[in-house]
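Here is the structure we will look at, set down as structure tokens.
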Amino acid sequence: MAQAKKIALYLIVVFVLYTIITSPERAADLVQVGFEGVSSAAQGVGDFMSELVK
């Protein structure tokens, strides 16, 4: 099972590197979308906590 995880991780790393090398603009867009999602989620949690304190 550990060997399968190692192989899967290796394949993911290779895929990510391939995507970055062949299409850096698209890779940058995907990273930006990911960061925007995390930022929105953090803002939502912050708003929720602020409302709880009020």
Side-chain angles (χ1 to χ4, degrees):
M1 189 65 169
Q3 192 74 350
K5 286 183 181 179
K6 189 181 286 188
I7 291 171
L9 180 63
Y10 178 73
L11 289 175
I12 290 171
V13 168
V14 169
F15 176 73
V16 168
L17 289 175
Y18 173 77
T19 303
I20 291 171
I21 291 169
T22 59
S23 179
E25 296 87 11
R26 177 74 175 136
D29 289 340
L30 292 175
V31 170
Q32 182 179 6
V33 167
F35 279 126
E36 287 175 1
V38 170
S39 174
S40 296
Q43 184 177 6
V45 170
D47 292 344
F48 174 73
M49 292 297 181
S50 295
E51 291 298 321
L52 281 179
V53 172
K54 287 183 181 178

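Counting begins at 1 with the first residue of the sequence.
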Sequence neighbours left out, cut at 3.5 Å: what donor-acceptor pairs do the side chains of residues 21-40 make with other protein atoms?
from  : atom 1 : to    : atom 2 : distance (Å)
Thr22 : OG1    : Tyr18 : O      : 2.8
Gln32 : NE2    : Glu36 : OE2    : 3.3
Ser40 : OG     : Glu36 : O      : 3.0

Mind listing the side-chain donor-acceptor pairs of residues 42-54 below 3.5 Å, one per line with the distance, residues two or more places apart or on another chain?
from  : atom 1 : to    : atom 2 : distance (Å)
Ser50 : OG     : Gly46 : O      : 3.0

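Other members of the cluster containing Ile12 are Val16, Ile20, with ILVMFWY side chains joined at under 4.5 Å, either directly or via other members.
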